[in-house]
S.K.: 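Structure in structure tokens, see below.
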Amino acid sequence: IEEIRSDMSKPHPMNRLIQGDVGSGKTVVAAAALVIAVENGYQGAMMAPTEILATQHFNTLDRLLRPLDVKVVMLRGEMRGSERRAALEAIRSGEAQVVVGTHALIQEGVEFNRLGLVITDEQHRFGVLQRAALKGKGLSSPDVLVMTATPIPRTLAMTVYGDLDLSLIDELPPGRRKVKTFWVSEDKREEMYEFIRREVLAGRQAYVIYPLVEESEKLEDIKAATEMAEKLQNEVFPDLKVGLLHGRLRPQEKDEVMMAFKAGEIDILVSTTVVEVGVDVPNASVMVIEHAERFGLAQLHQLRGRVGRSAYQSYCFLIANPKSEEARRRVEVMVSSNDGFEIAEADMEIRGPGELMGTRQSGMPDLKLANLLRDADLLALARKEAQKLAEADPELKKAEHRMLREIIRKVWRENLEMMAIG
């Protein structure tokens, strides 16, 4: 918070990345940053990748900031008529001091009065161009705070986010225990169900997660989740309450299911990956991930982070039948580590770390000579030299830098525009 306060008081805009593992308290830090903006007469905006997460952020921020007389408004994509007009007017007039939403915040017709701070949560889920659109709604250049629970290896963060200052929240709140993770084969399913029953009878709750290809959700994935919910309710746990959540439900229906789960009215929640990011139900202690081999490591780590959010011992069961070596390694990494940074390093080894400049965010970066994993020290040195050169001759006007300036202008023009956003 002190780093953010210091950044925000400087004459040039803040560009800071907060990296903190799942459940480490990034939202509280974001709330503090929003208060600083509001106290100085500016509006703050927080953009989250899904409706569920945006709603949760709204509820949390409203609870934290209302006692300070800060007006928090949520803008949903589905808002219609007078409700939408009222929200837009509050944003335009400045009555809404903090605005929370999904990509609805960057749609046409959304005008801010005096936007001074832009926070994007799980920013890897937004395209570079979406982030640019939100930034463009601010003053000439609002302060930017980026939060991610998808840990980026330090070497990569230093290289890829060279333009962002890095803040690390490298510990969890006191009293949290590591989630015990197990790879479960199909023939152990009944034993796992018995374990879930014992946990629920002890007063805990459980998630059962099904994979899907993307947020629009393919019908067969929803069908699999729906059939599983029916089977669990009718055959496996007829005496318990099983709920169902997926992306095709209307926002109001999703909210109702999540509120019922949070209130303890649902014992076992069958869901597709709409609960992947940020959902916070401290009483849930069991996470079952079906077809775990179909998930990426970052996603598996996020899903596991939905449990272990209190002092109760929590468990994660990965039901997997990996066909490829890569999928098998992902499952093994999850069983052996709870550390998001270790998992990120392993993910980078397995999958490759993404493109350095531009809009592509996975796959190997287009470095001709260096290897991000092998040459971390060399990259750190190169970055230091580049910064030294930029400080000594920022416009590259010296005769010995003229050719470099020309190459950058010709080869990297488009990418430099992207970097100004990213």
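Side-chain atoms are counted along with the backbone in the values below, which use heavy atoms only and exclude waters and symmetry mates.
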S.K.: Rounded to the nearest 0.5 Å, what separation is found between the CG atom of L17 and the OG atom of S167?
M.R.: 8.0 Å
S.K.: Could you check if a side-chain atom of V307 sits within less than 4.5 angstrom of a side-chain atom of V286, using non-hydrogen atoms only?
M.R.: no
S.K.: Assess the side chains of Y207 and R306: does a donor N or O sit below 3.5 Å from an acceptor N or O?
M.R.: no
S.K.: Nearest 0.5 Å please: distance from the CD atom of E83 over to the CE atom of M74.
M.R.: 10.0 Å
S.K.: Looking at every non-hydrogen atom in both residues, tell me the closest pair between P13 and P142 and how far apart they are.
M.R.: CB-O, 3.7 Å
S.K.: With sequence neighbours left out, what residues match D69 under side chain to side chain donor-acceptor pair (under 3.5 Å)?
M.R.: none
S.K.: Quick one: closest heavy-atom pair of V73 and A87, and the distance?
M.R.: CG1-CB, 4.2 Å
S.K.: R92: what forms a side chain to side chain contact (heavy atoms under 4.5 Å, CB included) with it, not counting sequence neighbours?
M.R.: L88, E89, E111
S.K.: From T55 OG1 over to L53 CG, what is the distance, rounded to the nearest 0.5 angstrom?
M.R.: 8.5 Å
S.K.: Would you mind reporting whether Q299 and Q302 have side-chain heavy atoms less than 4.5 Å apart?
M.R.: no
S.K.: Have S337 and D339 got a donor and an acceptor in their side chains that come within less than 3.5 Å?
M.R.: no
S.K.: Going by side chain to side chain donor-acceptor pair (under 3.5 Å), name the residues that satisfy it together with Y315, two or more places apart in sequence or in a different chain.
M.R.: none
S.K.: Walk me through whether I119 and M47 qualify under side-chain contact (heavy atoms from CB on, under 4.5 Å).
M.R.: CA-CA 6 Å; I119 301 176; M47 188 158 74; over 6 Å; no
S.K.: I need the minimum non-hydrogen distance between L318 and A292, along with the two atoms involved.
M.R.: CB-CB, 3.9 Å
S.K.: Sort out for me which residue in K10, M8, E3 forms a side chain to side chain contact (heavy atoms under 4.5 Å, CB included) with S6.
M.R.: K10
S.K.: E332: which residues meet the side chain to side chain donor-acceptor pair (under 3.5 Å) condition with it, sequence neighbours left out?
M.R.: R328
S.K.: Verify, without hydrogens or angle tests, whether Q313 (side chain) and K178 (backbone) share a donor-acceptor contact under 3.5 angstrom.
M.R.: yes
S.K.: Using atom types as modelled and distance alone, determine if a side-chain donor or acceptor of E191 lies under 3.5 Å from a backbone N or O of K188.
M.R.: no
S.K.: Closest approach of I268 and I266, non-hydrogen atoms and distance?
M.R.: O-CG2, 3.3 Å
S.K.: Backbone N or O of I196 within a donor-acceptor pair of the R204 side chain at under 3.5 Å?
M.R.: no
S.K.: Can you tell me if Q205 and N283 form a side-chain donor-acceptor pair at under 3.5 Å?
M.R.: yes
S.K.: With heavy-atom distances below 4.5 Å as the criterion, would you say the side chains of E290 and V208 are in contact?
M.R.: yes
S.K.: Any donor and acceptor pair, going by atom type alone, linking the side chain of E293 with main-chain N or O of N321 inside 3.5 Å?
M.R.: yes
S.K.: Just by distance, no angles: are the side chains of Q252 and E256 close enough, under 3.5 Å, to form a donor-acceptor pair?
M.R.: yes
S.K.: Can you find a pair of side-chain heavy atoms, one from L34 and one from L117, that are under 4.5 Å apart?
M.R.: yes
S.K.: Is there side-chain contact between T181 and M287, with at least one heavy-atom pair below 4.5 Å?
M.R.: no
S.K.: Mind checking whether I18 and I4 have side chains closer than 4.5 Å, heavy atoms only?
M.R.: yes
S.K.: Looking only at atom types and distance, does a side-chain atom of R177 sit under 3.5 Å from a main-chain N or O of A311, one as donor and one as acceptor?
M.R.: yes
S.K.: Evaluate whether atom CZ of R66 has more than 12 neighbouring non-hydrogen atoms of other residues, nucleotides or ligands under 6.0 angstrom away.
M.R.: no
S.K.: Nearest 0.5 Å, please: how far is OH in Y210 from OG1 in T272?
M.R.: 11.5 Å
S.K.: Give a yes or no on whether a salt bridge exists between R16 and D7, defined as a side-chain N under 4.0 angstrom from a carboxylate O.
M.R.: yes
S.K.: Is it true that a side-chain atom of Q43 and a backbone atom of I91 form a donor plus acceptor pair closer than 3.5 Å?
M.R.: yes
S.K.: Checking the side chain of S314 only, and the main-chain atoms of G308 only, is there a donor and an acceptor separated by less than 3.5 Å?
M.R.: yes
S.K.: Could you measure the distance from the CG atom of N338 to the NZ atom of K180? Nearest 0.5 Å is fine.
M.R.: 11.0 Å
S.K.: Considering only heavy atoms from C-beta outward, does the side chain of R309 approach that of V281 to under 4.5 Å?
M.R.: no
S.K.: Could you tell me which residues satisfy ring pair (Phe, Tyr, Trp, His ring centres under 6.0 Å) with F317, sequence neighbours excluded, listed by chain and number?
M.R.: F182, F195
S.K.: Is the shortest side-chain N to carboxylate O distance from R329 to E325 below 4.0 Å?
M.R.: no
S.K.: Do D255 and R76 meet the salt-bridge criterion of a basic N to acidic O distance under 4.0 Å?
M.R.: yes
S.K.: Quick one: CD on E39 to CG on L68, what's the gap to the nearest 0.5 Å?
M.R.: 8.0 Å
S.K.: Side-chain contact test, heavy atoms from C-beta onward, threshold under 4.5 Å: evaluate it for I319 versus M192 and give yes or no.
M.R.: yes
S.K.: Using a 3.5 Å distance criterion without hydrogens, assess whether the side chain of Q97 forms a donor-acceptor pair with backbone atoms of G44.
M.R.: no
S.K.: Mind listing the side-chain donor-acceptor pairs of residues 231-239 below 3.5 Å, one per line with the distance, residues two or more places apart or on another chain?
M.R.:
{"from": "Q233", "atom 1": "OE1", "to": "V242", "atom 2": "N", "distance (Å)": "2.9"}
{"from": "Q233", "atom 1": "NE2", "to": "F237", "atom 2": "O", "distance (Å)": "3.4"}
{"from": "Q233", "atom 1": "NE2", "to": "L240", "atom 2": "O", "distance (Å)": "2.7"}
{"from": "N234", "atom 1": "ND2", "to": "E230", "atom 2": "O", "distance (Å)": "3.2"}
{"from": "D239", "atom 1": "OD1", "to": "R197", "atom 2": "NH1", "distance (Å)": "3.1"}
{"from": "D239", "atom 1": "OD2", "to": "R197", "atom 2": "NH1", "distance (Å)": "2.8"}

